[in-house]
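Step one of this worksheet: look at the structure below.
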Amino acid sequence: MVDRAATLTRQQRRILEELHLHPAGLTVREISDSVGLHSNTVRGHVDVLEERELVAVVIRPSSGPGRPSRVYVAQSAHPGRPTAHLAALIRVAVGTMEPGRSIEQAREWGRNWAESMIATNALPPGTDVVAVTTALMSEMGFAPVADDSTVRLYRCPLLAPDGTIPPEVCSIHEGMIAAVASEIGGRRNLSITPVLGRFDGPISCSVRFESRRASEAEAETAPEGAGPEGPEEAAPEGAPPDRAPQGPGPQAAGDSGPTPTSGG
């Protein structure tokens, strides 16, 4: 079922989530009222969900004169509660990391995680790192949208109830994605640009990939002491040197808007 959901659009995911919240099912009109889309638009999206066997149609008898209603029901249990418990466990686990090197230790956890997926053939199939990363992050519930060399994540299933997330959790994903990209080849240098604060609006985190050749060429021409992208920038004011800002990644500043600019 995860694979059938991997390429859903944001609106289709929103409708599927709404159906998860209503186990008894919803009609097209009820879905339309809940998500704010025209009924004809909703009807097209639920047809796709039905074709992929992500929803089933149940006929609801009419309570009066008129035809019975077609009710759409999600075909799987709502994943929210198990995810919430696992997310809490992860947050507790990263709190036990060694002070002063927790970020690097988190990246190591991520690399080990990726190696386990590679060894057990658990990665989505493919040879393009952006496509594989998009499919993988979709499986994990991050609602990714790929755009050329950038994968934007429109949901974080690991947030605490107050909307925050330890930076080590983001670093785990950074290490995992970097190891996956290295295994696949091609673009493997990446940065993860986190959003600061909550995922409660049209905002996203970004995973940006660079081609290995372009990165190496920049490194050859960079002035001494500078990395592939130029001189190292200072850490955000007030941020500890070994900890990243809140959000899914160890870098700085977040994206804003449903179609954020490439600058993040």
Side-chain angles (χ1 to χ4, degrees), residues 1-64 66-91 134-146 151-165 169 173 194-195 197-205 246-248 254-259:
M1 183 165 301
V2 169
D3 291 340
R4 295 197 292 270
T7 58
L8 294 179
T9 67
R10 291 180 64 191
Q11 289 182 344
Q12 289 162 358
R13 290 181 186 281
R14 177 70 183 89
I15 291 171
L16 186 57
E17 290 171 355
E18 192 67 24
L19 292 174
H20 278 307
L21 296 174
H22 296 83
L26 297 171
T27 66
V28 165
R29 175 172 293 183
E30 290 167 341
I31 296 171
S32 175
D33 291 342
S34 296
V35 302
L37 296 174
H38 192 277
S39 293
N40 289 340
T41 302
V42 169
R43 192 169 286 109
H45 288 319
V46 294
D47 284 346
V48 172
L49 297 176
E50 184 180 3
E51 289 172 3
R52 299 189 185 187
E53 299 181 357
L54 293 169
V55 303
V57 178
V58 177
I59 303 302
R60 179 189 294 169
S62 175
S63 58
R67 295 181 300 177
S69 300
R70 289 171 59 87
V71 177
Y72 293 87
V73 180
Q75 287 286 76
S76 62
H78 190 278
R81 295 315 302 163
T83 298
H85 290 299
L86 289 173
L89 175 60
I90 292 170
R91 292 193 297 270
T134 301
L136 184 60
M137 300 311 282
S138 176
E139 290 180 2
M140 295 181 184
F142 285 86
V145 175
V151 179
R152 303 191 186 280
L153 311 175
Y154 285 92
R155 185 193 308 117
C156 179
L158 301 177
L159 291 178
D162 63 358
T164 62
I165 187 168
V169 174
H173 287 93
V195 65
R198 300 180 61 93
F199 268 68
D200 58 2
I203 52 182
S204 71
C205 292
Q246 292 176 354
D255 292 330
S256 177
T259 54

Taking all non-hydrogen atoms of both residues, which atom of Arg13 and which atom of Ser138 are closest, and how far apart?
NH2-OG, 2.8 Å

Looking only at non-hydrogen atoms, find the nearest pair between Pro144 and Thr134 and report the distance.
CG-O, 3.1 Å

So how far is it from [X] [atom1] to [Y] [atom2], rounded to the nearest 0.5 Å?
{"X": "Tyr72", "Y": "Ile31", "atom1": "OH", "atom2": "CD1", "answer": "7.5 Å"}
{"X": "Arg10", "Y": "Glu17", "atom1": "CZ", "atom2": "CD", "answer": "10.5 Å"}
{"X": "Arg52", "Y": "Leu54", "atom1": "CZ", "atom2": "CG", "answer": "7.5 Å"}
{"X": "Leu19", "Y": "Ser34", "atom1": "CG", "atom2": "OG", "answer": "9.0 Å"}

Test item: [X] and [Y] side chains (from C-beta on) under 4.5 Å apart, heavy atoms:
{"X": "Met140", "Y": "Leu153", "result": "no"}
{"X": "Leu26", "Y": "Asp33", "result": "no"}
{"X": "Leu37", "Y": "Arg14", "result": "no"}
{"X": "Val42", "Y": "His45", "result": "no"}

With sequence neighbours left out, write down each residue that passes side chain to side chain contact (heavy atoms under 4.5 Å, CB included) with Arg91, or none if nothing qualifies.
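Partners of Arg91 by the side chain to side chain contact (heavy atoms under 4.5 Å, CB included) criterion, ordered by chain and then number, come out as Ala87, Ala88, Ala160, Pro161, Pro166.
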
Checking Thr27 now: which residues fulfil side chain to side chain contact (heavy atoms under 4.5 Å, CB included) with it, not counting sequence neighbours?
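Expected list: Arg29, Glu30, Arg60, Ser69, Val71.
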
For Glu50, all residues meeting side-chain hydrogen bond (donor to acceptor under 3.5 Å, both in side chains), sequence neighbours excluded:
none

Please say which of Ile15, Thr9, Leu16 ends up in a side chain to side chain contact (heavy atoms under 4.5 Å, CB included) with Gln12.
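Single side chain to side chain contact (heavy atoms under 4.5 Å, CB included) partner of Gln12 among Ile15, Thr9, Leu16: Thr9.
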
